[in-house]
Structure formats: structure tokens, C-alpha cells
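Each remark here refers to the structure printed beneath this line.
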Amino acid sequence: MIQHHIEACAQVPGMQEILLIGFYQPDEPLTQFLETAQQEFNLPIRYLQEFAPLGTGGGLYHFRDQILAGGPEAFFVLNADVCSDFPLNAMLDAHRCQRHPFLLLGTTANRTQSLNYGCIVENPQTHEVLHYVEKPSTFISDIINCGIYLFSPEALKPLRDVFQRNQQDRQLEDSPGLWPGAGTIRLEQDVFSALAGQGQIYVYLTDGIWSQIKSAGYESLGWGGGFWGSGGDAGSPGGLRRWGDRHRPCWPLSPCPLFVAPSSALYASRLYLGRYEFTHPERLAKHTPGGPQIRGNVYIHPTAKVAPSAVLGPNVSIGKGVTVGEGVRLRESIVLHGATIQEHTCVLHSIVGWGSTVGRWARVEGTPNDPNPNDPRARMDSESLFKDGKLLPAITILGCRVRIPAEVLILNSIVLPHKELSRSFTNQIIL
């Protein structure tokens, strides 16, 4: 997911550095990812690990000295769990025309779905944020927070005030040290809600693509909590970008990771693939003589091996080292690196995890939960996975290194990693 964030930030003239902030211990894949990114951009990219989960704003204050190193004019803060076309240059232009500590990217949602997001009441003439409520219980506004921000250095002062207030309010009387909870800052509630209407927070509205990449209570099993910049929720990674005096290049698509959210991950992949028609058509697969049949927007990693009789698309993303056998049908799906789809298999509305194998003549299928196409303001729903104790139909997800035998049906199910199935399953979570 963050590859798209990095690419967008690299296209901002004068980008100086990229910082990833999170709580979990960095692993080898993350380290390799950062090394590759630095080589591609010739741009410093670092991961800063929080000592404890610090909420959506605590990491910004904790690492304030590193954020402000080099004297940046401003810095971007991006949640990692969002899909967007990232109008960062437009936000930068707006900031330079009217400088304020906080500039939020906003978009619209319908009245019902707006309750699932941070809601913004703006002055329509000046675009000042007059009122901000995170996930209100009743309708406030159809303008919602996209989790993409541009902050001035002085934006860290309100975070300092929150930290000091937390320290005073929460410090244990019998403890000589600082209680770790004082470092937890909720950017949305502690800062945006408190400062709304004071001439410090403004909103830049976009009608471009945007979606959260989470739903139905899922959290990222691959990244873990904290945040990557400002973060999404307290358990979501987020992203921070600082720009200064250097310009950097960009890099290509990577399929969305597994177990972030079921339908929203596929929906985000579809949005990105659709955008590539206009921004990077060279990344989309083309139908060629002797090659697989391509229908619609399809991404195939150069190292993947796809049989010529396979039919792919629309909205399919195939990762590094994937093998797709003869007669395979793939539609509305993500196949992550190292997976094998054997002959005459059908995979629809599903995510196939790293290193998984789907046997011959098997069928792996899910049920999409896309936004209402007749409502231009509709967003992905964040409803429960269960109703009356039963799993609701959703896309099918195979965790890493799952083995699906030949001639079985896996329908509307979630298979956790390292499972070897022996029969068909419908509407189940396989632990």
C-alpha cells in the first residue's frame, strides 16, 4: 500500500525525506523494501519505531526533532490505510496561497456513511474548518477527513500542549517517572476537534479517487499498529513525508497486501488499476498473440509466468514470481508473490496469499461488497463480519502458504496462513 504513497510524494518538487513511523519491530521484508525505495528515489527513507503505541499523533510529537531536521517549510502526513490519487501538489499550492498550521484533505460521503469517518464542517468561502467530529453518532456533514494532511512546523505546538496536559492529568502520584500513556495523542479528537473554528485548520476538497483500505473490523496482520506518520486509527500504520529542496523520481505498482480488509483491498486495487489507464498505461498488461487473454485492467509482474490459455481480468493484480496455469480464469482478484494457480482453476473476487497453491479445477470465489455505483458519494461500508452468529458473505481470502486441493470449492471464506485444506468450505473462517 505505501508504495503508492511514496510514489505520490516523490512527485512533489523538493521532497527532502520520507519517514515511516510505527510501533512494531521492523522485519527483513520491510528493511529490503526501504533499501529498494532509497535506491529508486535516491531519497532518504527511514522507519522510526515508537516505544509504545502512541495513537495517531503521539509519534509526530515524539519524533518532532527528526521531522523538523533541516528546517522544512512544511511536511505531509499520510495515513497508510488509504487509497487515493494523492493531490499533494494541489494541497501544497493551496498551502502557499493561504498558510495555516493544518491543511486537511477532504472528500464527500453520503449522509449514512459519513458517520463512519471524521466529519468536517467548513466555511464554504474560506474553507476554514469550523467544526470537526470523529465518527459522530448523528449527521454532522457530508465532508469527511481523508487522512491526508499538510502541516506547518507550528502544527507541532498543539501536540506539545496535549502531551503536557496528558502528563499533568495522567501522571501517577506514586510514580517518579512519566506514565507512558501521556505520550498518546489522538490527532483527530485531541487536536482537530479542539482547534476547529480557531482559524488554524483548513480543508482542501478533492473529487478524485479515495477509499479507506479497511472494513469489517479487520486490521493489518502484516504491518501492525501504531501509525506511519499520523496514522489512521491507533492500530493502523500511517505515513509522513517531509519535503525540502530536492526533487525525486517515482516507481511502479505493487499489489495490495493481505488481510488489511477484505472487499476494500480489492476495491482499492481496482481504483489504482483504473487510474493507471491515464497515468501509467505502460504498467497494464496488453493482449498479445500467444499470450493470455486480457480483459480490462490487469497488472502482471514481469517475473510472473502466465499460461497463454489463461483469461485475466478485469481488475486483476498478479505479483512477483506467481505461476498461472493453463485454462485459469482470474477476475477481480489479487494474487500475491510466489503463489501458484494450477490448471483450469477459477478465482473470482478473492485474494490469494503469498506462496499459496490452488489445485487444478478448484474454484475460489467471494462476494463483492462494493459501494453503490448509483451514488457518486458512496464509500465502502464498514459493517460487521457477522450477523446472528453467522459469517456474512464477503470476498474469499487465502493466507500465506495455504494449500487448496484439486476440485474443491472455497466460497466466501477466510483461510488463515499455513493451512492445508482437504475439502470444500462455504462461509467459514478456517483457523
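Here the structure is a predicted model, which is why all the values come from computation and not from measurement.
Contact record, T184 with P53: OG1-O, 3.6 Å, taken as the closest heavy-atom pair. Counting all heavy atoms, side chain and backbone alike, L34 lies closest to I45 at CD2-CG2, 3.7 Å. Shortest non-hydrogen contact noted between G353 and L336 is C-CB, 4.1 Å. In terms of heavy-atom proximity, I201 sits nearest to A196 at CD1-N, 4.1 Å. Residues E188 and Y132 come closest through the heavy atom pair CG-OH, 3.6 Å. In terms of heavy atoms, S269 sits closest to S317 at OG-CB, 4.1 Å.
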(request) Apply side-chain contact (heavy atoms from CB on, under 4.5 Å) to the pair F41 and I6, showing each step before the final yes or no. (result) CA-CA 9 Å; F41 293 106; I6 292 175; 3.2 Å; yes
(request) Determine, step by step, whether M15 and L43 satisfy the side-chain contact (heavy atoms from CB on, under 4.5 Å) criterion, reporting the C-alpha distance in whole Å, the side-chain angles of both residues, the deciding distance to 0.1 Å, and the verdict. (result) CA-CA 8 Å; M15 180 65 66; L43 174 70; 4.1 Å; yes
(request) Using the side-chain contact (heavy atoms from CB on, under 4.5 Å) rule, take N315 and L266 through it: C-alpha gap first, then chi angles, then the decisive distance, then the call. (result) CA-CA 8 Å; N315 304 316; L266 289 185; over 6 Å; no
(request) Take W210 and Y272 through the test ring-ring contact (aromatic ring centres under 6.0 Å, His included) and record every step on the way to the result. (result) CA-CA 10 Å; W210 182 85; Y272 279 133; over 10 Å; no
(request) Could you go through the side chain to side chain donor-acceptor pair (under 3.5 Å) check for Y267 and N369 one step at a time? (result) CA-CA 9 Å; Y267 180 65; N369 182 29; over 6 Å; no
(request) Determine, step by step, whether E7 and Q3 satisfy the side chain to side chain donor-acceptor pair (under 3.5 Å) criterion, reporting the C-alpha distance in whole Å, the side-chain angles of both residues, the deciding distance to 0.1 Å, and the verdict. (result) CA-CA 6 Å; E7 179 179 13; Q3 199 164 2; over 6 Å; no
(request) Show the numbers, then the answer: is there a side-chain contact (heavy atoms from CB on, under 4.5 Å) between T107 and I144? (result) CA-CA 6 Å; T107 190; I144 62 172; 3.7 Å; yes
(message) Evaluate R99 against E73 for salt bridge (Lys or Arg N to Asp or Glu O under 4.0 Å), listing each step before the verdict.
(response) CA-CA 11 Å; R99 295 178 184 269; E73 179 184 353; 2.5 Å; yes
(request) Evaluate the side chain to side chain donor-acceptor pair (under 3.5 Å) criterion for residues N116 and Q113: first the C-alpha distance (whole Å), next the side-chain angles of each, then the deciding distance (0.1 Å), finally the verdict. (result) CA-CA 6 Å; N116 299 321; Q113 292 179 322; over 6 Å; no
(request) Kindly indicate, with the supporting measurements, whether the criterion ring-ring contact (aromatic ring centres under 6.0 Å, His included) is fulfilled by H62 and F51. (result) CA-CA 10 Å; H62 182 72; F51 65 91; 5.0 Å; yes
(message) Between E277 and N297, does the side chain to side chain donor-acceptor pair (under 3.5 Å) criterion hold? Intermediate values first, please.
(response) CA-CA 8 Å; E277 285 190 82; N297 296 325; 3.2 Å; yes
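Put simply, the side chain of I67 reaches to within 4.5 Å of the side chain of L19, judged on heavy atoms. A 4.5 Å side-chain heavy-atom check between L159 and L187 finds at least one atom pair inside the cut-off. Contact check for I410 versus I404: side-chain heavy atoms found under the 4.5 Å cut-off. Within the 4.5 Å cutoff, the side chain of S264 has no heavy atoms near those of the Q212 side chain. Under the 4.5 Å side-chain criterion, counting only non-hydrogen atoms from C-beta, S84 is in contact with I148. Considering only heavy atoms from C-beta on, V322 stays 4.5 Å or farther from T340 through its side chain. Taking 4.5 Å as the limit, some side-chain heavy atom of D85 sits within range of a side-chain heavy atom of R275. Residues I294 and I300 are in side-chain contact: their nearest non-hydrogen atoms beyond the backbone lie under 4.5 Å apart.
Separation of atoms OH (Y24) and OH (Y47) is listed at 9.5 Å; rounding is to 0.5 Å. Atoms NZ and SG, from K419 and C400 in turn, are 11.0 Å apart once rounded to the nearest 0.5 Å. To the nearest 0.5 Å, the span separating CD on Q168 from CZ on F163 amounts to 10.5 Å. To the nearest 0.5 angstrom, L105 atom CG is 10.5 Å from F76 atom CZ. Taking NE2 from H5 and SG from C83, the interatomic distance works out to 8.5 Å, rounded to the nearest 0.5 Å. For the atom pair CD1 of I341 and CD1 of I318, the computed distance is 8.5 Å after rounding to the nearest 0.5 Å.
In terms of the salt bridge (charged side-chain N to carboxylate O under 4.0 Å, His left out) criterion, E122 has no residue partners (sequence neighbours excluded). Residues that satisfy the salt bridge (charged side-chain N to carboxylate O under 4.0 Å, His left out) test with E332, not counting sequence neighbours, are R270. For R64, there are no salt bridge (charged side-chain N to carboxylate O under 4.0 Å, His left out) partners two or more places apart in sequence or in a different chain. Listed by chain and number, the residues in a ring pair (Phe, Tyr, Trp, His ring centres under 6.0 Å) with H100 are Y202 (sequence neighbours excluded). Every residue two or more places apart in sequence or in another chain was checked for a ring pair (Phe, Tyr, Trp, His ring centres under 6.0 Å) with H127, and none qualifies. Every residue meeting the salt bridge (charged side-chain N to carboxylate O under 4.0 Å, His left out) condition with D142, not counting sequence neighbours, appears here in chain and number order: R377.
The ring of F192 has its center closer than 6.0 angstrom to the ring center of Y149. Aromatic pair Y204/H95: centroids not less than 6.0 angstrom apart. In summary, the aromatic rings of F86 and H4 are positioned with their centroids too far apart to meet the 6.0 Å limit.
At a cut-off of 3.5 Å, with distance as the only test, no side-chain donor of S350 or E365 sits close to an acceptor on the other residue.
Remark: side-chain polar atoms of Q198 are paired, donor with acceptor, to backbone N or O of A194 under 3.5 angstrom. Counting only distance, with no hydrogens or angles, the side chain of S141 and the backbone of I120 share a donor-acceptor pair below 3.5 Å. Of the possible polar contacts, none joining the K135 side chain to the V133 backbone as a donor-acceptor pair under 3.5 Å is found. At least one donor-acceptor pair under 3.5 Å links the side chain of T396 to the backbone N or O of S413. For the pair S152 (side chain) and E154 (backbone), a donor-acceptor distance under 3.5 Å is absent.
Using a 4.0 Å cut-off between charged side-chain N and carboxylate O, E134 and R186 make no salt bridge. Remark: R46 does not engage E35 in a salt bridge, criterion side-chain N to carboxylate O under 4.0 Å.
L330 pairs in a side chain to side chain contact (heavy atoms under 4.5 Å, CB included) with only one of the listed residues (V324, T345, V311), which is V324.
The environment of CZ in R111 is sparse: at most 12 heavy-atom neighbours from other residues, nucleotides or ligands sit within 6.0 Å. Other residues, nucleotides and ligands contribute more than 12 heavy atoms inside 6.0 Å of the CD atom of E282.
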